[in-house]
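Let me begin by presenting the structure, written as structure tokens, before commenting on it.
Below, each value reflects all heavy atoms present in this structure, side chains not excepted, and no hydrogens, waters or symmetry copies. Chain letters run A, B, ... following the sequence lines, proteins first, then strands; residues in each count from 1.
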Amino acid sequence: MIALLDCNNFYVSCERLFKTSLNDKPVAVLSNNDGCIISRSEEVKSMGIKMGEPLFKVKKKLNDAGVYICSSNYSLYGDISNRVMEIIRKDCDILEKYSIDEAFFDLSNIKNKELFCFNLKNKILKWTGIPVSIGIGKTKTLSKIANRVVKKNNEYKIRLNFNGIYEINCEDELNYILRNTSVEDIWGIGRRLSVFFRKININDAFSFKNINLKFIRQKKGIVTQKTVLELRGVECYPIELEQADRKSICVSRSFGEKIYLYEELQSALIIYSEKASQKLRKYRLSCGAITVFIQTSRYDEKYYFDSKTFTFIEQTLDSRLIWIKANYLLKKLYVKGFRYSKVGIILSKLCRHEKVQISLLNYALNNENSYDDKESKVLMKTIDSLNERFGEGKVRIASGANSFSYKKKLNTLKKKNNWLMRSNYCSPCYTTRWCDIPKVKIK
DNA sequence: TCTGGGGTCCTAGGACCC
DNA sequence: TCTGGGGTCCTAGGACCC
């Protein structure tokens, strides 16, 4: 049996931890750049505010109702998430962290599963302050559905109170639940697939479970077939204990204000390149290719999107090299006259440091774009540790985007770095930054 | 005016090999 | 006039997830 633990309204719950006055007030957390609503307290959900709703469309409604709005604060959420995961791991080490607010864990060897989960839930609440819900089923897909039953109690009405825990007990109960679960609410069935299934009159999880296996394999592929099997109790997605190495790393942000100037794109991209390379080294990886993309808003009449990729002869972890190539790609991509809303960098063809395939050509040609490998590694390590100790961005790559002449140009245009992401309602990093640690007064 | 960011996997089709 | 059979690898695009 597999349990799925899910933190309730996770980002909102994190914001409430250090600002207890918000506990019974409506709260909403925004996406990056304060664009959309991505976490809502129960009060906000019941106002009819949808997940992913753009802020500007509902701002008045939120203000009128006295909703407290937060920008997202990922260093806070990431840290709280780790604490929750560690508490689970203490009681159950067959654990897979599935997302920032979810974990699957194995209950096969536990006798009273509901009691075990009940105690775990209380412990997490007591030690971190985060409320959680736990669903238990034979497979990951079923535990997801069990978890949904806890949260949408009013849709299923099989019990008055779950205490945050629900285990699918018998076949009859399972079928009842599946009949009352819409096809689009199954894990693995998204917008496109649910349109397809609705068209052929498969509207709920029960009829989806009983679909012809050959038909589904042929029409929708192996992934969807696995989802059907999982609903039948056949495990297709086991709990993954080891986190697989990443296959790509992407850093991109929407701008606070639209951008026209090449230099402004450059000054954003250099920061993203540095962030991406830093992440690369944190995972002990090197990259074999980089992709840069730029785009205008999807809602803009003159929509523009393009991306270009450069492949290295030899995988690298050096920020300088990554930036040189990123800048080169940006130059090729930039077209004057568009209102750019976003730029980004993707590192791909990743491999472990120690598995980098050394190129004969790099040595033979004494390639100007390659650095001495040993020196480069030491330098990057030094930069990373300086930045970790003294704060992000303290040591940076020199570039035109940081130059005096560029700053002068911005000055004459009376501009600052207007592209910086909006984050107008951000809470302090209570648990990850020394100066933000909450102070306690004792009388 | 204002609409997020970061991932994974599968599949079909093209290019190439003998 | 008539042109096989069996593979691999790569990539773009599409689907999904949180």
Side-chain angles (χ1 to χ4, degrees), chain A residues 4-7 9-11 28-39 49-60 62 69-74 77-78 81 96-104 140-141 144 147 183-197 216-227 230 236-237 240 243-258 272 275-276 279-280 283 288-289 291 293 295-301 303 305 307-309 311 339 341-350 418 421-424:
Chain A
L4 170 70
L5 179 144
D6 186 313
C7 303
N9 321 327
F10 183 53
Y11 297 169
V29 177
L30 305 176
S31 64
N32 271 332
N33 216 27
D34 294 343
C36 300
I37 288 153
I38 53 167
S39 182
I49 305 288
K50 291 202 184 94
M51 177 72 176
E53 188 101 50
L55 175 64
F56 76 92
K57 282 190 181 170
V58 289
K59 199 165 183 181
K60 185 161 185 309
L62 297 182
I69 295 174
C70 313
S71 301
S72 38
N73 181 346
Y74 289 105
Y77 312 150
S81 166
E96 174 187 342
K97 178 171 181 170
Y98 175 64
S99 74
I100 194 162
D101 71 330
E102 282 172 273
F104 290 109
K140 280 184 174 176
T141 309
K144 273 272 188 184
N147 192 286
V183 68
E184 62 269 18
D185 292 326
I186 304 168
W187 187 49
I189 307 299
R191 263 225 322 271
R192 298 301 289 265
L193 285 173
S194 57
V195 168
F196 171 84
F197 289 117
I216 197 91
R217 173 71 182 83
Q218 213 172 33
K219 288 280 180 195
K220 291 294 152 193
I222 189 90
V223 182
T224 317
Q225 190 193 39
K226 280 184 179 172
T227 300
E230 283 244 322
C236 300
Y237 300 110
E240 311 225 350
Q243 221 181 359
D245 275 340
R246 278 166 185 276
K247 304 201 164 147
S248 67
I249 290 170
C250 171
V251 176
S252 80
R253 299 278 180 281
S254 293
F255 305 131
E257 235 171 60
K258 302 288 179 282
Y272 306 161
K275 274 193 180 176
K279 223 174 180 180
L280 185 72
Y283 295 121
T291 302
F293 62 88
Q295 66 186 84
T296 62
S297 165
R298 272 170 303 183
Y299 307 93
D300 202 316
E301 278 179 22
Y303 179 62
F305 171 94
S307 71
K308 290 205 184 300
T309 301
T311 306
R339 298 172 76 226
S341 68
K342 194 182 195 180
V343 64
I345 178 168
I346 303 167
L347 309 182
S348 54
K349 298 197 174 161
L350 307 184
N418 288 333
M421 184 174 86
R422 267 196 300 270
S423 183
N424 291 334

Presence of A/Arg422 side-chain N/O under 4.0 Å of B/dT3 phosphate oxygens OP1/OP2: no
Sugar-phosphate, base or nothing in reach of A/Asn33, heavy atoms under 4.0 Å: nothing
Contacting residues from residues 184-193 of chain A, given that a heavy atom lies under 4.0 angstrom of DNA chain C: A/Ile186, A/Trp187, A/Gly188, A/Ile189, A/Gly190, A/Arg191, A/Arg192, A/Leu193
Electrostatic pair A/Glu102-A/Lys144, nearest N-O below 4.0 angstrom: yes
Residues which pass side chain to side chain contact (heavy atoms under 4.5 Å, CB included) with A/Arg253, listed by chain and number, not counting sequence neighbours: A/Asn32, A/Val251, A/Tyr272, A/Lys275, A/Met421
Face-to-face stacking of A/Phe56 with B/dT3, centres under 5.5 angstrom, angle under 30°: no
Heavy-atom closest pair, residues A/Gly344 and A/Ser252: CA-CB, 3.5 Å
Length of the line joining A/Ile37:CD1 and B/dG4:P, which is rounded to integer Å: 12 Å
Sugar-phosphate only, base, or nothing, as touched by A/Lys144 at under 4.0 Å among non-hydrogen atoms: sugar-phosphate
Validation row: A/Ser81, A/Lys97 side chains within 4.5 angstrom (heavy atoms): yes
Sugar-phosphate, base or nothing in reach of A/Asp101, heavy atoms under 4.0 Å: sugar-phosphate
Donor + acceptor pair across side chains of A/Thr224, A/Lys219 (<3.5 Å): no
Ring-face cation of A/Lys140 near A/Phe104 (centre distance under 6.0 Å, axis angle within 45°): yes
Partner residues of A/Arg339 under the side chain to side chain contact (heavy atoms under 4.5 Å, CB included) criterion, sequence neighbours left out: A/Lys258, A/Tyr260, A/Asp300
Interatomic distance where CD1 belongs to A/Ile100 and C1' belongs to C/dC17 [whole Å]: 14 Å
Stems where DNA chain B pairs, listed by first number, each of three or more Watson-Crick or G-U pairs under 3.5 Å: B:5-18 with C:5-18
Separation of B/dT1 C1' from A/Arg339 CZ (nearest whole Å): 8 Å
Length of the line joining A/Lys140:NZ and C/dC17:P, which is rounded to integer Å: 14 Å
Touch class at under 4.0 angstrom, heavy-atom based, for A/Lys342 against every strand present: sugar-phosphate
Protein-to-nucleotide contact annotation, 5' to 3' order, nucleotides 6-16 of chain B [B base; S sugar-phosphate only; - none; under 4.0 Å, heavy atom]: SSSSSS-----
Side chain to side chain donor-acceptor pair (under 3.5 Å) involving A/Thr291 - partner list, sequence neighbours excluded: A/Thr309
Atom-to-atom span, CD of A/Glu257 to P of B/dT3 - whole angstrom: 11 Å
Student check: side-chain heavy atoms of A/Lys226 and A/Ile222 closer than 4.5 Å: yes
Sugar-phosphate only, base, or nothing, as touched by A/Glu102 at under 4.0 Å among non-hydrogen atoms: sugar-phosphate
Where A/Asn424 and A/Asp34 come nearest, the two heavy atoms and their spacing: N-OD2, 2.7 Å
Between C1' of C/dC18 and CE of A/Met51, the distance in whole Å: 8 Å
Gap between atoms CG and P, on A/Asn32 and B/dG5 respectively (whole Å): 5 Å
Protein-nucleotide distance (A/Gln295, atom CD; B/dG5, atom C1'), rounded to Å: 11 Å
Residues A/Glu230 and A/Thr141: side-chain donor-acceptor under 3.5 angstrom: yes
For A/Ile249 against A/Tyr283, the heavy-atom pair lying closest together: CD1-CD1, 4.2 Å
